[in-house]
Amino acid sequence: MKYNQYAYVETPFEKQVAELKAINFLPDDYSSYSLTALFAKLVQMTIAEAKSDESKKAKMIEFAVSENQTLAEYLQTERETISVQEFYNVALQLLGYHVGYDYDFSDPTAFMKKQALPFVSKIGSIDELISAFYRLLNTRSKNGQLLIDVMAGKGYFTQFWGEGKFIFFNGKALPVFDTNKVIREVVYVETDLDTDRDGQSDLIQVTVFRPAESGKDLKVPALYTASPYFGGIIENVARNHSVDENLTDATVWTNPKYEHTQIVEAPHPAAGEGVSAEEAVHKSSYPLNEYLLARGFASVFAGGIGTRGSDGLRITGAPEETESAKAVVEWLHGDRIAYTDRSKKHEVKAFWCNGNIGMTGRSYLGTLQIAVATTGVAGLKTVVSEAAISSWYDYYREHGLVIAPEACQGEDLDLLAETCQSNLWDAGSYLKIKPKYEEMQKELLEKGDRVTGQYSDYWEARNYRHHTDGIKCSWISVHGLNDWNVKPKNVYKIWQLVKTLPKDHHLFLHQGPHYNMNNLVSIDFTDLMNLWFVHELLEIDNHAPEQWPTVMIQDNLEADYWHEEADWSDELGQEVVYYPTDEGELFKDGNGKAKLSFTDVGGKEFKEAKISESDWEYKFICGDEKWAKPSLRFTTDEFIRPVTLVGRPEVTITVAGSLPKGQISVALVELGDRKRLTPTPKFLMRGGQELGYRFGTDTLQEFVPDKLTHAKLISKSHMNLQNYADMHKPSKIEAGQFVELNFKLQPTYYRMPVGSKLALIIYSTDQGMTKRPLEDETYTIDLAKTELRFYQK
């Protein structure tokens, strides 16, 4: 497995020396050392767990330079040069690798090449030795972290605790802040909202974790995570709406409107003297924030309106949630008032903040980053938005249909609001909020319109993409190409807009589902984010925006290979068109002539089988006879060379249903027996990454080839027959009436291996995502007017 490294900044020798001296690693009088003596000194400095010179020297016996000689024996003889083999035999041990298990003494650099670990070609002088060590400290260890971070986890940087200053090494912040003395405080930010309609503006509880050194003499940036889950979630296992119901004539749609709740303008900030009167009891919930807290970045969490400790109601995806999350940025920047406690008697300022704020988080947390960024709020310098929703319609609906996020059949706006309405846990809030909460639940259900699934003004208010012209901050998006919860269309569509803005922007696409990527073997994402936040929030010119390609895409065949692209769009490839034939084939020329039919039985057989949605999907894409029956399948010949599908595939289907309503689903599938990557990363070193010194851990992981499988879903999509003329407005149709559907599938970047086949599957009920009708419907496809288009490279 390759430990690819993108965050290493090429550094002139003079700066290497200065940085090594600044961390007390390189002696000031290093030029007076012999080559051998300096080698011994630098190895000893790397052994951070040994705290005295005597103990460091004693540990030399634990290392070896060859199969015949320990390091202690080797250092007894003065040498004019140190061989590359000898140096890296020791270096690999410092990096956590084991002789005889991971590598052989005879050829350490062969192992390093295999792991993509950098090494120098010659060590014949003091300067070359220093450069070799500088590069070694900036090399990823077996646990995935830089060696200097491994040293930090063993206490190397405790010598700097209390000094109250940032220290940078290779463009990145070092963990020089005392994590035993983190300030943990709670404040209450006043919004302009009155979502609970009590005539008073809603207060938002905000939890701050910041270095003890932050304050008057040291201003630090803030990493803000807007997390509706931070105060806990309300779980109701039997709550989801039933999807076992017939489709409805969508023309009963009434285009429900969105109406903003009332405004109660908060007072402007005054000359506040107070300090927080409440200590945080919640814990930080995001490892990247913990990692950067030890490096001087304050970590700020707020659940927002309706969450525990805060006033108001959850209104999933609505502008009120955006304004609630934005208010915290305004307080951090000095533009909004906050109080020491709920009595509102004493104001408290974020006097410790340097005015630069970044946002972090995944899923709902990433979604609120997009929402806040589109407001252009002052102080927000960057977002790192992972697995985020850019339009709530694209989360819960698609092309005029009710569509579930993966593993969330029957969930919707109202039920997500219920999950996050954690202020109901406090009895006082419960008495006040419960009646108004129930009213909001009814509104979310009724106006969200699970009956027709149509787009409306209510959903338009939850589409952040229409406000991207307000973005004034730099941008990083992270998304899984196999995320069927927040489907890839969410990141693809906003990326097409963000990439045109005059702000630095980057995109990472990994092979996971709804997942983080900060601790993968194959990419040094955490180090890249360190570099990025130092540049964006501390305004250090470390060249972070140019350090790695604009778009990084993890390969689906080899997880340790990342495609470096300038963009992610159809334009990466060339358009090809495939036509389904009467014999069930997909060819590049010549439509079929037949009209083929299949009968969809909704969810009846699925319920009887009592299998999971994921089991159904795998059997379905593999062509299991029972589950493949209600579908039409068309397959290409085997690919004779690798082909990569890029961008958004598109289908045109001419179809008639036996009822005056209907839904069509389409899937693109790779067929072929082979060992594919695990659906989620495999834990390789659980708890093996220290985020600071005795300050929490993270786990090294990666996607790896797993068991033999027969097929892999590439992309899919769904459409209401009644939206054939207009995606935003349904039309009447008659039973047996042929309509032409033209719609795009979820975007992808997928490499088809030699010998594989591409399958187009046309079906109706998707047991994991669509409604599961109780009545049968026969669908007839006119092959002469059906085609598949996609882009390939």
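Keep in mind that what you see is a predicted model, and the values were worked out from it rather than measured.
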| request: Look at the side chain of Lys56 and the backbone N and O of Gln44, then say whether any donor-acceptor pair between them is shorter than 3.5 Å. | output: yes

| query | For Tyr561, which residues count as a ring pair (Phe, Tyr, Trp, His ring centres under 6.0 Å) partner, sequence neighbours excluded? | reply | His563

| Knowing that exactly one of Leu147, Leu42, Asp149, Asn170 qualifies, which makes a side-chain contact (heavy atoms from CB on, under 4.5 Å) with Leu137? | Leu147

| Do you know which of Trp495, Trp532, Trp475 makes ring-ring contact (aromatic ring centres under 6.0 Å, His included) with His505? | Trp495

| field | All pairs passing ring pair (Phe, Tyr, Trp, His ring centres under 6.0 Å) where residues 5-26 contributes a residue, at least two apart | value | none

| task | If a pair satisfies ring pair (Phe, Tyr, Trp, His ring centres under 6.0 Å) and one of its residues is in residues 31-71, list it, with sequence neighbours excluded. | result | Phe39-Phe87

| task | Keeping the roles fixed (side chain from Tyr693, backbone from Met151), state whether a donor-acceptor pair exists under 3.5 Å. | result | no

| task | Supply the atom-to-atom distance Ser227 OG to Leu368 CG, rounded to the nearest 0.5 angstrom. | result | 8.5 Å

| query | Do Asn516 and Arg362 have side-chain N/O donor and acceptor atoms under 3.5 Å apart? | reply | yes

| task | Taking salt bridge (charged side-chain N to carboxylate O under 4.0 Å, His left out) as the test, write out the residues that go with Glu213, two or more places apart. | result | none

| Partners of Lys57 by salt bridge (charged side-chain N to carboxylate O under 4.0 Å, His left out), sequence neighbours excluded? | none

| request: Tell me, please, which residues at least two apart from Glu128 pass salt bridge (charged side-chain N to carboxylate O under 4.0 Å, His left out). | output: Lys122

| Check: Thr139 and Pro118 side chains under 4.5 Å, non-hydrogen atoms | yes

| query | Can Asp567 and Lys499 be counted as an ion pair, charged N to O under 4.0 angstrom? | reply | yes

| query | Stepwise, does the side chain to side chain contact (heavy atoms under 4.5 Å, CB included) test hold for Thr382 with Leu537? | reply | CA-CA 8 Å; Thr382 192; Leu537 304 186; 4.3 Å; yes

| For the residue pair Phe297 and Phe166, does the interplanar ring angle fall in the parallel (under 30°), tilted (30 to 60°) or perpendicular (over 60°) class? | perpendicular

| note | Looking only at heavy atoms, the pair that brings Thr699 and Gly687 closest together is OG1-N, 2.8 Å

| query | Excluding sequence neighbours, so at least two apart, what forms side-chain contact (heavy atoms from CB on, under 4.5 Å) with Lys503? | reply | none

| message | Going by ring pair (Phe, Tyr, Trp, His ring centres under 6.0 Å), name the residues that satisfy it together with His514, two or more places apart in sequence or in a different chain. | response | none

| field | Any side-chain donor near an acceptor of the partner, Ser131 and Gln16, under 3.5 Å | value | yes

| message | I'd like to know whether Glu539 forms a salt bridge (charged side-chain N to carboxylate O under 4.0 Å, His left out) with Lys381, so could you lay out the CA-CA distance, the side-chain angles of the two residues, the decisive distance to 0.1 Å, and finally the verdict. | response | CA-CA 10 Å; Glu539 301 176 4; Lys381 301 299 183 182; 5.4 Å; no

| said: When you compare the side chains of Ser474 and Glu536, does any donor N or O come within less than 3.5 Å of an acceptor on the partner? | reply: yes

| When you look at NZ of Lys21, are more than 12 heavy atoms from neighbouring residues, nucleotides or ligands closer to it than 6.0 Å? | yes

| Are any non-hydrogen side-chain atoms of Asn356 and Leu538 less than 4.5 angstrom apart? | no

| said: Counting only heavy atoms from other residues, nucleotides and ligands, does the tally under 6.0 Å from NZ of Lys51 exceed 12? | reply: yes

| query | Is the number of heavy atoms from other residues, nucleotides or ligands within 6.0 Å of CG (Asp53) greater than 12? | reply | no

| request: Taking the side chain as every heavy atom from C-beta outward, state whether Phe209 and Phe301 have any atom pair closer than 4.5 Å. | output: yes

| request: Could you go through the side chain to side chain contact (heavy atoms under 4.5 Å, CB included) check for Glu565 and Thr550 one step at a time? | output: CA-CA 7 Å; Glu565 301 283 7; Thr550 302; over 6 Å; no

| said: When you compare the side chains of Thr360 and Asn289, does any donor N or O come within less than 3.5 Å of an acceptor on the partner? | reply: yes

| request: Return the set of residues passing salt bridge (charged side-chain N to carboxylate O under 4.0 Å, His left out) with Lys2 (not counting sequence neighbours), or none when no residue passes. | output: none

| message | If only side-chain N and O atoms count, and only distance matters, is there a donor-acceptor pair under 3.5 Å linking Gln159 with Asn24? | response | yes

| query | More than 12 heavy atoms of other residues, nucleotides or ligands under 6.0 Å from CD of Glu279: is that the case? | reply | no

| task | Would you confirm whether Arg751, through its side chain, and Pro642, through its main-chain N or O, come within 3.5 Å as a donor-acceptor pair? | result | no

| task | To the nearest 0.5 angstrom, please state how far the CD1 atom of Ile476 sits from the CG atom of Leu528. | result | 8.0 Å

| note | Residues passing the side-chain contact (heavy atoms from CB on, under 4.5 Å) test with Lys142, sequence neighbours excluded, are Tyr3, Tyr97, His98, Asp102, Met685

| field | Student check: side-chain heavy atoms of Leu520 and Pro681 closer than 4.5 Å | value | yes

| When you check the side-chain N and O atoms of Glu690 and Thr697, is any donor under 3.5 Å from an acceptor? | no

| For Phe525, what residues pass the ring pair (Phe, Tyr, Trp, His ring centres under 6.0 Å) criterion, not counting sequence neighbours? | Phe508

| request: Would you check if Gln554 and Phe703 make a side-chain contact, meaning some heavy-atom pair closer than 4.5 Å? | output: yes

| Worked check of side chain to side chain contact (heavy atoms under 4.5 Å, CB included) between Val99 and Asp104 | CA-CA 6 Å; Val99 175; Asp104 296 323; over 6 Å; no

| request: Using distance alone, with no hydrogens and no angle criterion, decide if Gln93 and Tyr88 have a side-chain donor and acceptor under 3.5 Å apart. | output: no

| field | ring pair (Phe, Tyr, Trp, His ring centres under 6.0 Å) partners of Phe157, counting only residues at least two apart | value | none

| request: Take Val300 and Thr207, measure what side chain to side chain contact (heavy atoms under 4.5 Å, CB included) needs, and give me the verdict at the end. | output: CA-CA 6 Å; Val300 179; Thr207 299; over 6 Å; no

| Is the backbone N or O of Phe351 less than 3.5 Å from a side-chain atom of Lys219, with the two atoms forming a donor-acceptor pair by type? | yes

| Close side-chain approach of Tyr229 to Leu365, heavy-atom, < 4.5 Å | yes

| said: Could you tell me if the side chain of Met1 sits less than 4.5 Å from the side chain of Glu702, heavy atoms only? | reply: yes

| Heavy-atom closest pair, residues Val182 and Thr179 | CG2-O, 3.6 Å

| said: Measuring only between side-chain heavy atoms, which start at C-beta, is Met359 closer than 4.5 Å to Leu380? | reply: yes

| Quick one: does Asn138's side chain have a donor or acceptor within less than 3.5 Å of a partner on Tyr134's backbone? | yes

| field | Heavy-atom neighbours of Glu78 CD exceed 12 at 6.0 Å | value | yes

| said: Could you tell me if Asn4 and Asp560 have a donor-acceptor pair between their side chains, going purely by distance under 3.5 Å? | reply: no

| message | Please tell me whether Gln511 and Asn556 have a donor and an acceptor in their side chains that are separated by less than 3.5 angstrom. | response | no

| query | Donor-acceptor pair, Thr70 side chain versus Glu73 backbone, under 3.5 Å? | reply | yes

